[in-house]
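Report on the following structure.
All values below were derived from every heavy atom in this structure, side-chain atoms included, with hydrogens, water molecules and symmetry-related copies excluded. Source: prediction; values computed, not measured. Here is how names work: the chains are called A, B, and so on, in the same order as the sequence lines, proteins then strands, and each is numbered from 1.
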2 protein chains.
Amino acid sequence: MTASRARRGSDTATRILDVAQRLVQQRGFNGFSYADVAQELGVTTASLHYHFAGKAELGEALVTRYATRFAESLAAIDARGLAAPAKLKGYADLYADVLRDQRMCLCGMLAAEYQTLPGRMGHEVLRFFEDNESWLAEVLEQGLREGSLAFEGPAQEVARTFMGGLQGAMLLARPSGDLDRLRAASRGLLTGLTTTVT
Amino acid sequence: MTASRARRGSDTATRILDVAQRLVQQRGFNGFSYADVAQELGVTTASLHYHFAGKAELGEALVTRYATRFAESLAAIDARGLAAPAKLKGYADLYADVLRDQRMCLCGMLAAEYQTLPGRMGHEVLRFFEDNESWLAEVLEQGLREGSLAFEGPAQEVARTFMGGLQGAMLLARPSGDLDRLRAASRGLLTGLTTTVT
DNA sequence: GTCTATAGGCAGATAGAC
DNA sequence: GTCTATCTGCCTATAGAC
């Protein structure tokens, strides 16, 4: 897969992933073809098959890269040493970034198509959400300890509700192209967790 | 479209819609074919084209029927004359019904695929969500008047956040096949709106 | 690494017999 | 209403030249 390349970020494999990712986020895994990607890059589909054996392998690479980058973003939030509400705000902001260009979260889109995905892809999508849940649950526990957050029930359940709220808000905001809808939902979900007066 | 038929609910057009609806809810509009539906019904694709000129027309019929039925369910909730929290619970229960058979909400699935949908279909999907929003917003206002609900900001925004929370919960619950996740999210979203002590 | 050429299959769709 | 037969186009994928 073009292993030895000094200038990362612009070799062919990476550009294929970039275009394919955008297409999946906008149209779904069943809504784009090798031909779409090839045409946009000005190459042939045969060239794509050199870099990624098949659509399934391309899909796996997409999810893997996306999950890695997302984990890095979460680590970056952690590194700032913020209070729990600010961390949640940072998390929600990641979603706002995704919504630009009328994109859905890659894994949110793939979750919708889950039953049609190649097996390995499906597993990676599941893991993405589990990792998100774990990170959020930790932040929520931190908030409890700090007294900056208040909620009932297991942190993991609240984490899922929060993450689902953001995914659903993206899902509904995208058709109308209204970024503010996601922002409003983020605010609403956050205020439901924040202690009224610190 | 097979207009004159006494025994409604089992004529061919209806059975086509039933199978197609399930396939769209499970696999997406770009994840099923006329051949899939035809095979399951033991007819040919040519027969499907007799009832629905093309996939776009079939899709429109699917959304129209789904929206009509959903509106009827909401009217049924209204007819019971419940307090606002109970109405919201009734609304959330509609989503729980949908999740059975690993199904996504038809319009939630189509929202993901929005950018690939035939124009008319897209419009109908948008209208579905607008109608839902309006109904929820009214219930929320009722809750404010009753004193049974408490929230900040415009009712319409809260309605969107609530609806998005349920759609997102379905999206995330379906891959793991865990119905309880949706129930937990429903509870969480509701308690965020309910006045602590009446 | 990228190309041309092509295979083989499935997609949505239509014509016309029954 | 449903069928057979067929069309055209796109899809994923491969072989082999450059």
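At least one donor-acceptor pair closer than 3.5 Å links the side chain of B:Glu57 to the backbone N or O of B:Gly54.
Side-chain N/O atoms of B:Ser47 include none lying less than 4.0 angstrom from OP1 or OP2 on D:dG1. Applying the 4.0 Å criterion to OP1 and OP2 of C:dT2, one finds that A:His51 has a side-chain N or O inside that range. Look at A:Tyr50 and you'll find a side-chain N or O under 4.0 angstrom from OP1 or OP2 of C:dG1.
Listed candidates were D:dC3, C:dG12, C:dT2. Nearest to the side chain of A:Thr12 is C:dT2. Among the nucleotides D:dA15, D:dA13, C:dT2, the one closest to the side chain of A:Lys55 is D:dA13. Comparing C:dA11, D:dA13, D:dC3 against the side chain of B:Ala35 picks out C:dA11 as the nearest.
Note: CD (A:Glu57) to P (D:dT12) measures 13 Å, nearest angstrom. The separation between A:Gln39 atom CD and D:dC11 atom C1' is 14 Å, rounded to whole Å. The interatomic distance linking A:Tyr34 (OH) with D:dG9 (C1') rounds to 21 Å, in whole Å. For the pair B:Asn30 CG and D:dT12 P, the computed distance is 12 Å after rounding to whole Å. Atom C1' of nucleotide D:dC10 and atom CZ of A:Phe32 are separated by 15 Å, given to the nearest angstrom. When the P atom of D:dT4 is taken as reference, atom NE2 of B:His49 falls 15 Å away, rounded to whole Å. In this structure, B:Phe29 places its CZ atom 11 Å from C1' of C:dG12, rounding to the nearest Å.
B:Thr44 comes within contact range of at least one nucleobase, with a heavy-atom separation under 4.0 Å.
Shortest non-hydrogen contact noted between A:Met121 and A:Leu110 is CE-CD1, 3.7 Å.
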Verdict with reasoning, A:Thr12 to A:Leu48, per side-chain contact (heavy atoms from CB on, under 4.5 Å): CA-CA 9 Å; A:Thr12 307; A:Leu48 265 68; over 6 Å; no

Give the C-alpha distance, both sets of side-chain angles, the deciding distance and a yes or no for side-chain contact (heavy atoms from CB on, under 4.5 Å) between B:Thr116 and A:Phe32.
CA-CA 10 Å; B:Thr116 72; A:Phe32 88 105; over 6 Å; no

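Each of A:Ala53 and A:Asp36 lies near DNA chain D, and the nucleotide nearest A:Asp36 is the one positioned closer to the 5' end.
Ring geometry for A:Tyr91 versus A:Phe70: interplanar angle over 60°, hence perpendicular rather than tilted (30 to 60°).
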